[in-house]
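First the structure, in the form of structure tokens, and then the observations on it.
Within every chain, numbering begins at 1; the chains are lettered A, B, ... in the order of the sequence lines, protein sequences first and strands thereafter.
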Amino acid sequence: MRTHTCGELRRDSVGKRVRLSGWVESVRDHGGVIFVDLRDRYGVTQVIFDPEDSRETWDKAQRLRSQHVVAVAGVVERRPPEMENPKLATGEIEVRCDRLELLNASLTPPFPLEARDPARVSEELRLTYRYLDLRRASMQRILQARHRVALSVRSYLDRMGFIEVETPILGKSTPEGARDYLVPSRILPGTFFALPQAPQQYKQLLMVAGVDRYFQLARCFRDEDLRADRQPEFTQIDIEMSFVSVADVIAVVDGLLAELFRELNVPAPEIPLPRLTYQQAMDRYGSDHPDLRYGLEIVDLTNIFADSTFQVFRRAVAAGQVVRALNARGLGQTPLRVLDEWTEVARKAGLAGLAYIRIAGTGEWKSPILKYLSDGEKEALAQRAGIQAGDLVLFAADDRAVVSKALGELRRLAAKEAGLIDPDRHALVWITEFPLFERDEAGRLTAVHHPFTAPLEEDLPHLESEPLRVRSQSYDIVMDGVELGGGSIRIHQRALQERIFALMGVDRQRGEARFGHLLTALEYGAPPHGGIALGFDRLLMLLLGAESIRDVIAFPKTQKAVDLMMGAPAPVDDLQLRELHIRLDVPRLSP
RNA sequence: GGGGGCGUAGCUCAAUUGGUUAGAGUACCAGACUGUCGAUCUGGGUGUUGCGGGUUCGAGUCCCGUCGUCCCCGCCA
């Protein structure tokens with residue numbers, strides 16, 4: 001049906017007889033000559049219909065409408081001088097058409113599909129007619145970019161000796177972690193498979209199997225509420241390696257990311273990527289996923305205010321708390337209205353209030369707390385925070401964690417307010433040595449990463465005595481303030497795994513019931529191993545500058561986890577339910 | 001589970017304090033036009049103001065409920 005695509009004809013094809021197929025993008029009917037832009041995935045070519053070439057074909061061309069699918073035949077011609085279109089790759093030529101076949105008509109599309117900056121159409125409509133939305137050039141570019149990145153992932157990891165192994169979609173529910181999507185078993189009534197939240201246990205078992213270097217572009221499922229960067233099903237670049245340390249995993253991922261940036265012609269970050277420990281990140285940026293596209297570091301002032309005449313600070317220091325500040329450069333003119341909002345943010349983060357000093361353009365300091373500060377304190381403060389005219393200094397005095405949380409949030413707000421974020425720049429950073437445990441609402445120890453994460457060797461002695469102090473051999477990769485992925489070196493010995501379970505309140509019996517297969521496997525020569533999972537969709541979203549994860553997924557779901565195009569989820573036949581031995585207990589929908 | 005935004009023509013939006021026959025651009029339809037490429041010109045409004053109820057002489061506008069969608073908090077080992 002075609003000899004060429006709509007994106008490939010150039011000057012060197014002039015004189016050739018060609019056939020093209022594609023969608024009518026626009027029709028410009030001059031009464032005599034008719035111009036039609038024909039589009040396919042590869043580009044746009046102008047087709048010209050002239051009544052003097054073929055009256056019959058010209059008649060048919062008059063009836064062409066947007067999005068009709070046609071096949072045309074004709075001769076490639078150089079466009080007359082002054083009639084070339086530099087905006088088109090094929091703009092030097094056109095196809096003089098003498099035969100036209102309407103392959104399929106199209107209804108008028110429910111929204112404009114033309115490439116020229118269309119007014120933003122509601123996403124609801126785009127998702128309902130996703131097959132039309134995807135036909136748009138900008139979405140075609142995203143689909144192609146996604147494909148190229150996937151290919152690069154496979155090619156890079158293959159070169160590094162990894163092999164891709166598929167793991168089951170029908171797996172087993174484990175109560176830890178996110179809510180599972182369940183699939184009932186017909187053959188064993190009353191039992192359910194769970195769709196994988198991640199292939200975590202399978203990939204560890206593949207290490208026991210001696211696969212040595214595994215990867216998978218793995219579909220994962222989590223039944224939790226959605227966000228702009230969260231879908232119920234998403235894709236991970238899942239990696240696991242044997243006989244490695246933290247540095248080995250990080251090196252592989254550094255190389256992978258650099259390659260993916262290059263593939264999309266996004267300015268690549270220098271590798272090795274910078275690293276911060278969890279504690280450094282919290283102290284300096286107030287976040288375990290800091291955005292390093294801008295500075296605004298938190299400075300510690302605790303020792304400066306140990307004997308301050310300002311009671312609020314002195315008492316905090318005396319109570320073992322910290323006093324820290326953020327110098328929001330150039331925000332000295334921030335209106336009090338905004339500072340009131342920020343005070344509310346600080347309160348929600350746990351601070352009693354928010355003290356601040358605004359430095360005028362003249363260099364004059366203005367603040368309600370100024371009268372409590374000695375000249376020496378001011379001088380020390382000015383030096384440590386690098387205060388200049390026009391700055392805004394925000395103070396926090398409380399427990400270390402509370403101060404970090406508050407100043408971390410204020411840091412983000414200040415960067416936004418000051419317009420410090422350049423959307424064309426990217427900043428990547430590794431965050432390492434996360435705590436192994438944290439306490440949940442009920443006061444129980446739970447794993448920060450997951451329960452298979454290995455503790456740092458040097459912290460093992462206080463595993464039982466001070467479990468919250470124990471750091472783990474874990475690492476997150478953070479891009480532009482977004483958590484891209486995370487991983488760890490895993491526990492490969494049963495005894496240590498059982499100690500961890502015990503601390504988490506998982507007794508021997510329950511541990512055996514839930515993770516018996518894994519524990520047993522550890523006893524059959526499990527090699528030391530570790531790995532990582534990267535959010536493939538999130539990575540694409542950041543690399544392509546997309547506004548939401550939905551833009552880089554062909555058929556995404558809405559915030560209520562609904563597929564508007566397919567109408568899924570949907571009720572099923574009673575017969576299907578009977579076969580599965582499932583009876584519904586659904587609250588009646590309101591009348 | 002909670003907080004917030006949005007919902008008017010196919011699409012993107014407007015409509016004064018609650019007030020006459022709900023408008024604009026674009027798309028679409030018809031006609032004209034032989035070099036356009038956001039073609040141009042002339043003409044045409046194609047509407048359950050998401051849905052249901054209420055207040056009112058009168059509701060796109062106010063109130064209650066409901067549905068959909070988006071953003072956020074909780075949640076996401």
Heavy atoms under 4.0 Å, any strand shown: does [X] hit a base, just sugar-phosphate, or nothing?
X: A:Gln46; value: base
X: A:Leu125; value: sugar-phosphate
X: A:Val44; value: nothing
X: A:Ser122; value: sugar-phosphate
X: A:Gln559; value: base
X: A:Arg96; value: base
X: A:Gln200; value: base
X: A:Gln197; value: nothing
X: A:Pro80; value: base
X: A:Asp223; value: nothing

Side chain of [X] only, heavy atoms from C-beta on: which candidate in [options] is closest?
X: A:Ser66; options: B:G35, B:C28, B:A39; answer: B:C28
X: A:Ala228; options: B:A30, B:C76, B:C71; answer: B:C71
X: A:Thr108; options: B:G35, B:U69, B:A27; answer: B:A27
X: A:Thr558; options: B:U69, B:G10, B:U36; answer: B:U69
X: A:Val121; options: B:C11, B:A30, B:U69; answer: B:C11

Quickly work out the [X] [atom1] to [N] [atom2] distance and round it to whole Å.
X: A:Arg120; N: B:C11; atom1: CZ; atom2: P; answer: 16 Å
X: A:Trp58; N: B:U36; atom1: CH2; atom2: C1'; answer: 15 Å
X: A:Arg28; N: B:U34; atom1: CZ; atom2: C1'; answer: 14 Å
X: A:Leu127; N: B:G68; atom1: CG; atom2: P; answer: 15 Å
X: A:Leu113; N: B:C28; atom1: CG; atom2: P; answer: 11 Å
X: A:His450; N: B:C76; atom1: NE2; atom2: P; answer: 15 Å
X: A:His68; N: B:A27; atom1: NE2; atom2: C1'; answer: 15 Å
X: A:Leu564; N: B:G50; atom1: CG; atom2: P; answer: 19 Å

Please determine if [X] and [Y] form a salt bridge, counting it only when a charged side-chain N lies under 4.0 Å from a carboxylate O.
X: A:Asp40; Y: A:Arg135; value: no
X: A:Glu84; Y: A:Arg79; value: no
X: A:Glu483; Y: A:Arg538; value: no
X: A:Glu123; Y: A:Arg550; value: yes

TODO: Could you label the plane-to-plane angle of the A:Phe501 and A:Phe515 rings as parallel, tilted or perpendicular, counting under 30° as parallel and over 60° as perpendicular?
DONE: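 It falls in the parallel class, under 30°.
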
Open item on the list: Tell me whether the rings of A:Tyr129 and A:Tyr131 are parallel (<30°), tilted (30 to 60°) or perpendicular (>60°).
Closed with: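 Judged by the thresholds at 30° and 60°, the geometry between A:Tyr129 and A:Tyr131 is perpendicular.
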
Task: Residue list, side chain to side chain contact (heavy atoms under 4.5 Å, CB included) with A:Asp459, at least two apart or on another chain - done: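 Result, side chain to side chain contact (heavy atoms under 4.5 Å, CB included) vs A:Asp459: A:Leu456, A:His462, A:Val470, A:Arg471.
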
Distance between the [atom1] atoms of [N] and [M], in whole angstroms?
N: B:U34; M: B:G10; atom1: P; answer: 34 Å
N: B:U42; M: B:C11; atom1: P; answer: 27 Å
N: B:A27; M: B:C72; atom1: C1'; answer: 35 Å
N: B:U26; M: B:A39; atom1: C1'; answer: 15 Å
N: B:U12; M: B:C6; atom1: C1'; answer: 14 Å
N: B:A22; M: B:U16; atom1: P; answer: 14 Å
N: B:G5; M: B:A24; atom1: C1'; answer: 24 Å
N: B:A59; M: B:G50; atom1: P; answer: 15 Å

TODO: Return the minimal non-hydrogen interatomic distance between A:Pro451 and A:Ile500, and the atom names on each side.
DONE: O-CG2, 3.8 Å

Open item on the list: I need the minimum non-hydrogen distance between A:Ile549 and A:Met541, along with the two atoms involved.
Closed with: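 In terms of heavy atoms, the two residues are closest at N-SD, 3.3 Å.
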
Open item on the list: Go nucleotide by nucleotide along RNA chain B from the 5' end; which of A:Glu84 and A:Ser548 gets its closest nucleotide reached first?
Closed with: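 It is A:Glu84, whose closest nucleotide lies nearer the 5' terminus.
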
Open item on the list: By nearest heavy atom, map A:Thr174 and A:Val33 onto RNA chain B; which one lands nearer the 5' end?
Closed with: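 By nearest-heavy-atom nucleotide position, the 5'-most residue is A:Val33.
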
When you measure only distances, ignoring hydrogens and angles, does the side chain of [X] come within 3.5 Å of the base of [N] through a donor and an acceptor?
X: A:Glu94; N: B:G35; result: yes
X: A:Arg230; N: B:C76; result: yes
X: A:Arg79; N: B:U36; result: yes
X: A:Arg550; N: B:C70; result: no

Task: Any strand: nucleotide that pairs with B:C6 via Watson-Crick or wobble, under 3.5 Å - done: B:G68

TODO: Name the pairing partner of B:A22, where a pair is Watson-Crick or G-U wobble with both distances under 3.5 Å, or state none.
DONE: none

Task: A:Lys560 side chain near B:G68 phosphate (N/O to OP1/OP2, under 4.0 Å) - done: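 For B:G68, OP1/OP2 do have a side-chain N/O of A:Lys560 under 4.0 Å.
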
Task: ring centroid sep under 5.5 Å plus plane angle under 30, A:His30 with B:A39 - done: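 Answer is yes, a stack.
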
Open item on the list: Would A:Phe35 count as stacking on B:U36 if stacking means ring centres less than 5.5 angstrom apart and planes tilted under 30 degrees?
Closed with: yes

Open item on the list: Can you confirm whether the side chains of A:Arg130 and A:Thr128 place a donor and an acceptor under 3.5 Å from each other?
Closed with: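 No, A:Thr128 and A:Arg130 have no side-chain donor paired with an acceptor closer than 3.5 Å.
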
Give each protein N/O atom lying under 3.5 Å from an N/O atom of nucleotides 1-3 of chain B, with the pair distance.
| from | atom 1 | to | atom 2 | distance (Å) |
| --- | --- | --- | --- | --- |
| B:G1 | O6 | A:Asp225 | OD2 | 3.4 |

Open item on the list: Counting only heavy atoms from other residues, nucleotides and ligands, does the tally under 6.0 Å from CG of A:Leu107 exceed 12?
Closed with: no

